[in-house]
A.B. asks: 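Got a structure for you, questions after.
Read the numbers this way: they start at 1 and go in the same order the structure lists the ligands and their atoms.
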Amino acid sequence: MSGSGPRNGFTHEDGIDVVVIGAGAGGLNAALVLARARRRVVVVDSGAPRNAPSAHLQGFLSRDGMAPSALLETGRAEVVGYGGEFITGTVDAVDRGGEDVAPRFTVRLDGGVVLTARRVVVATGLRDELPDIPGVRERWGRDLLHCPYCHGYEVRDQPLGVLGTTPGAVRHALLLRQWSDDVVLFRHRLELTEDERTALAAREVSVVEGAVKRLVVEDDRLRGVELAQAGQVDRSAVFVVPRMVPRDGLLTALGCERGAEGPVATDRSGRTSVPGVWAVGNVVDSRALVVGSAGMGSAAAFALNHGLVDEDIELAVRAAARTSA
Ligand SMILES: Cc1cc2nc3c(=O)[nH]c(=O)nc-3n(C[C@H](O)[C@H](O)[C@H](O)COP(=O)(O)OP(=O)(O)OC[C@H]3O[C@@H](n4cnc5c(N)ncnc54)[C@H](O)[C@@H]3O)c2cc1C
């Protein structure tokens, strides 16, 4: 555990206001605002942020082009500077006790560490499930990409491909036309409707028929896509729409309700249906980019701190009543 500042030296049994689970942009920004609000914050992180395979982080005002790891290291240092602490590890379970006005959480880590806290912020992100095509996993985040807003500009005007592995691939190919006029949809096993074929043709996105065999890589660079039956199509970068699976097991085990669209539901400040449990970033919103996840963390910290102030008032009023009784 690392950390410094006026709040250090407490034991985990008696004084943690908030355990933040996950130190990506969402968790770190929550921790930063809470630590600056003089809350005792412990951040637990297993060290696998989603964008780690990428060399550069794009589209975050003033951070554009930075290494993803540099952003997180900077954020950690800022949190530590205000007295926040970090534990490297995986949270296996969170149990809730106490009363609704003053919930208490037991946070169990692999390796046996147990923390108790007044609130938890779950910022565990999501897992990208990639198609089982040779080369895809190896090139992920380099020249096998998913987000045009993150990487489109860097591959603008180049020959691009989209793998037809999920229904969203058609929309993705049409979206990518914004960045290049040479976009190919590898149909693979995707069925296309007449309307989709019409739209693709109208926007001059070619459809390559046949199953994809593998990505062709030479000298550590993607060169193209090899088809099972019909040779190779040269491409500089290929996009895919992964199946995004939220890492929300801790939330669902606590009883947090899902929304109609599938992910665990929160209000605009990240409050879940279970009092005292907050969730931010990709674990509840797969569309949130780094700046959005950071914003969610900040908003949650605000609202969470207000709830702690209300709890402090309630407990103080009760204590005063007992004293005067
Ligand atoms: C290849 C790629 C490139 C991207 N490029 C960009 C880009 O250029 N710009 C941009 O804005 N967005 C980009 N994104 C999106 C970006 O990665 C996400 O928006 C962002 O990571 C979401 O932040 P988060 O805090 O929700 O989750 P994450 O950053 O994924 O952090 C979650 C953290 O929680 C930890 N964790 C998970 N479970 C546990 C547990 N049980 N106990 C303890 N710790 C746990 C993980 O180890 C991880 O460190 C990219 C995504 C990918 C896949």
A.B. asks: N/O to N/O below 3.5 Å, does that happen between Asp45 and ligand 1?
C.D. replies: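 N/O-N/O distance under 3.5 Å: yes.
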A.B. asks: Ala288 versus ligand 1: do any nitrogen or oxygen atoms come within less than 3.5 Å of each other?
C.D. replies: yes
A.B. asks: When only distance counts, is Val91 in polar contact with ligand 1, meaning an N/O pair under 3.5 Å?
C.D. replies: yes
A.B. asks: Check whether any N or O atom of Asn282, backbone or side chain, sits under 3.5 Å from an N or O atom of ligand 1, and answer yes or no.
C.D. replies: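 N/O-N/O distance below 3.5 Å exists for this pair.
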A.B. asks: Consider every N or O of Gly141 and every N or O of ligand 1, then say whether any pair is closer than 3.5 Å.
C.D. replies: no
A.B. asks: Counting heavy atoms only, which of Ser46, Ala23, Ala30 comes nearest to atom 46 (C) of ligand 1?
C.D. replies: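 Residue with the shortest heavy-atom distance to the ligand atom: Ser46.
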A.B. asks: For ligand 1 and Gly47, I'd like to know whether there is a polar contact (N/O to N/O, distance under 3.5 Å).
C.D. replies: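 Between Gly47 and ligand 1 (N or O atoms, distance only) the closest approach is under 3.5 Å.
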A.B. asks: Could you list the residues that satisfy salt bridge (charged side-chain N to carboxylate O under 4.0 Å, His left out) with Arg187, not counting sequence neighbours?
C.D. replies: Glu209
A.B. asks: Going by distance only, is there an N or O of Gly26 that falls short of 3.5 Å from an N or O of ligand 1?
C.D. replies: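 Such a contact does occur with ligand 1.
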A.B. asks: Going by salt bridge (charged side-chain N to carboxylate O under 4.0 Å, His left out), name the residues that satisfy it together with Arg318, two or more places apart in sequence or in a different chain.
C.D. replies: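 Salt bridge (charged side-chain N to carboxylate O under 4.0 Å, His left out) check on Arg318 returns Glu99, Glu314.
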A.B. asks: Output yes when the distance from some N or O of ligand 1 to some N or O of Asp128 is under 3.5 Å, and no in every other case.
C.D. replies: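 N/O-N/O distance under 3.5 Å: no.
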A.B. asks: Any nitrogen or oxygen of Val290, main chain or side chain, under 3.5 Å from a nitrogen or oxygen of ligand 1?
C.D. replies: yes
